[in-house]
Amino acid sequence: MTQIKLFLQKFRRKKANQNLYASTITLIIGTIYTLLFLGTLEAVFYFNNTIRIKIAIYFLLFLLSSICYLVIRYILNLFSIFDNSSDNKLAKEVKLRSKFINDRLFNALQLENSLNLITKGKDLAEHAISIINKDIKTISIKSLYDPIKPKVKNFIKLTFFITIIIIFTFSESLLNSYNRLFQPNKNFPIPKPFILNSLSGNIKILGGDTAKVSVAGYGDLPDSILIFWQQQENINKISITQKDEVYEHTFLNI
């Protein structure tokens, strides 16, 4: 392999690595936002098992297909399969990135590829190629990289701060939602703000007697609850206040 093609091969490898690095960062950022979005939805709507399984399948398909795409594209770029990063294309990119080399590298590459066909002026062509060979030794491959744009850096920083703020603000609810999403087959009962249990149970009395109803509760209890009862065709209700986490009412002359 000639000096020019060795230089282009190094440039191809570094460019493929840079593209893979940039794409991986983009995928990580996209995955973070997707997880935050899914975690927030799960925390708000508390999906059932069927929806959680679908979310897990679609997310894994998205992640695996994205990784496969990055790996395949990296291999295609690295080995210039289908000429997607051929020597000619890379030489033109060097022209745009280096004012020192400009289009001399591309011209020298063309001369080198057709050197065996040249009958006149072959010495001049070889001299031009030798000059380029000396010049490319002074060029750092890193100087040909696409610089990271300030907007990209700011977006990465913004993603980091948003992630930290959301995690610290909704840490408990997000952790619980991710626990449910990562175990889609497991059944998680929907949490309730409070639970009420009857202390009196079933009561059997004679007509005209008195019945005392007691309901105990725990959790974030309301100040009062409504009790409904049916008497013949009429439905009645009454509000009962809480005392020491117990709601009590006495029905007279039933």
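Remember, predicted model here, so these are calculated numbers, not experimental data.
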With no hydrogens and no angle check, is any side-chain donor or acceptor of [X] less than 3.5 Å from a backbone partner on [Y]?
{"X": "Lys14", "Y": "Gln9", "value": "no"}
{"X": "Asn84", "Y": "Leu76", "value": "yes"}
{"X": "Thr241", "Y": "Ser224", "value": "no"}
{"X": "Thr138", "Y": "Asp135", "value": "yes"}
{"X": "Gln183", "Y": "Lys186", "value": "no"}
{"X": "Gln242", "Y": "Pro222", "value": "yes"}
{"X": "Ser98", "Y": "Val94", "value": "no"}
{"X": "Asn48", "Y": "Thr50", "value": "yes"}
{"X": "Tyr69", "Y": "Leu64", "value": "no"}
{"X": "Ser177", "Y": "Gly39", "value": "yes"}

Open item on the list: Under the criterion side chain to side chain contact (heavy atoms under 4.5 Å, CB included), I'd like the reasoning laid out for Leu252 against Thr250: C-alpha separation, chi angles, the key distance, then a yes or no.
Closed with: CA-CA 6 Å; Leu252 303 174; Thr250 301; 3.8 Å; yes
Open item on the list: If you count every heavy atom of other residues, nucleotides or ligands that lies below 6.0 Å from Tyr21 atom OH, does the total exceed 12?
Closed with: no
Within the structure provided, determine whether [X] and [Y] are in side-chain contact (heavy-atom separation under 4.5 Å).
{"X": "Leu115", "Y": "Lys122", "answer": "yes"}
{"X": "Ile240", "Y": "Leu226", "answer": "no"}
{"X": "Asn133", "Y": "Phe7", "answer": "no"}
{"X": "Arg180", "Y": "Tyr46", "answer": "yes"}
{"X": "Ile4", "Y": "Ile132", "answer": "yes"}
{"X": "Phe11", "Y": "Leu144", "answer": "yes"}
{"X": "Ile131", "Y": "Arg104", "answer": "yes"}
{"X": "Phe106", "Y": "Lys95", "answer": "no"}

Nearest 0.5 Å, what's the [atom1]-[atom2] distance between [X] and [Y]?
{"X": "Thr169", "Y": "Ile166", "atom1": "OG1", "atom2": "CD1", "answer": "8.0 Å"}
{"X": "Tyr74", "Y": "Thr24", "atom1": "OH", "atom2": "OG1", "answer": "10.5 Å"}
{"X": "Phe170", "Y": "Thr40", "atom1": "CZ", "atom2": "OG1", "answer": "7.5 Å"}
{"X": "Ser86", "Y": "Lys92", "atom1": "OG", "atom2": "NZ", "answer": "8.0 Å"}
{"X": "Asn179", "Y": "Glu42", "atom1": "CG", "atom2": "CD", "answer": "10.0 Å"}
{"X": "Ile53", "Y": "Leu181", "atom1": "CD1", "atom2": "CG", "answer": "11.5 Å"}

Quick one: do the [X] and [Y] side chains pair a donor with an acceptor below 3.5 Å?
{"X": "Tyr33", "Y": "Thr159", "result": "yes"}
{"X": "Arg97", "Y": "Ser143", "result": "no"}
{"X": "Arg52", "Y": "Asn49", "result": "yes"}
{"X": "Asn197", "Y": "Tyr218", "result": "no"}
{"X": "Gln230", "Y": "Asn236", "result": "no"}

Exercise: identify the closest heavy-atom pair between [X] and [Y]:
{"X": "Ala91", "Y": "Leu8", "value": "N-CD2, 4.0 Å"}
{"X": "Gly201", "Y": "Ser198", "value": "N-OG, 3.0 Å"}
{"X": "Lys212", "Y": "Ser200", "value": "O-CB, 3.7 Å"}
{"X": "Leu111", "Y": "Ala128", "value": "CD1-CB, 4.3 Å"}
{"X": "Asn253", "Y": "Gly208", "value": "OD1-CA, 3.3 Å"}
{"X": "Ile129", "Y": "Ala108", "value": "CG1-O, 4.0 Å"}

Side-chain heavy atoms under 4.5 angstrom apart, residues restricted to Ile, Leu, Val, Met, Phe, Trp, Tyr: same cluster for [X] and [Y]?
{"X": "Ile67", "Y": "Phe59", "result": "yes"}
{"X": "Phe160", "Y": "Phe168", "result": "yes"}
{"X": "Ile203", "Y": "Leu196", "result": "yes"}
{"X": "Ile227", "Y": "Val246", "result": "no"}
{"X": "Ile164", "Y": "Phe161", "result": "yes"}

Open item on the list: Is there a side chain to side chain contact (heavy atoms under 4.5 Å, CB included) between Thr210 and Ile254? Walk through the geometry before answering.
Closed with: CA-CA 6 Å; Thr210 297; Ile254 296 177; over 6 Å; no
Open item on the list: Looking only at the aromatic ring of each residue, does the gap between the centers of Phe251 and His249 stay below 6.0 angstrom?
Closed with: yes
Open item on the list: Using the side chain to side chain contact (heavy atoms under 4.5 Å, CB included) criterion, which residues pair with Lys5? Sequence neighbours excluded.
Closed with: Met1, Thr2, Asp87, Leu109, Glu112, Asn113
Open item on the list: Checking Phe182 now: which residues fulfil side chain to side chain contact (heavy atoms under 4.5 Å, CB included) with it, not counting sequence neighbours?
Closed with: Tyr178
- [ ] Mind running side chain to side chain contact (heavy atoms under 4.5 Å, CB included) on Ser85 and Lys15 for me, showing each step along the way?
- [x] CA-CA 10 Å; Ser85 59; Lys15 189 170 181 292; over 6 Å; no
Task: Verdict with supporting geometry, Thr163 and Leu36, side chain to side chain contact (heavy atoms under 4.5 Å, CB included) - done: CA-CA 8 Å; Thr163 304; Leu36 290 176; 4.0 Å; yes
TODO: Assign the ring pair Phe47 / Phe45 to parallel, tilted or perpendicular, where the plane angle (0 to 90°) is split at 30° and 60°.
DONE: parallel
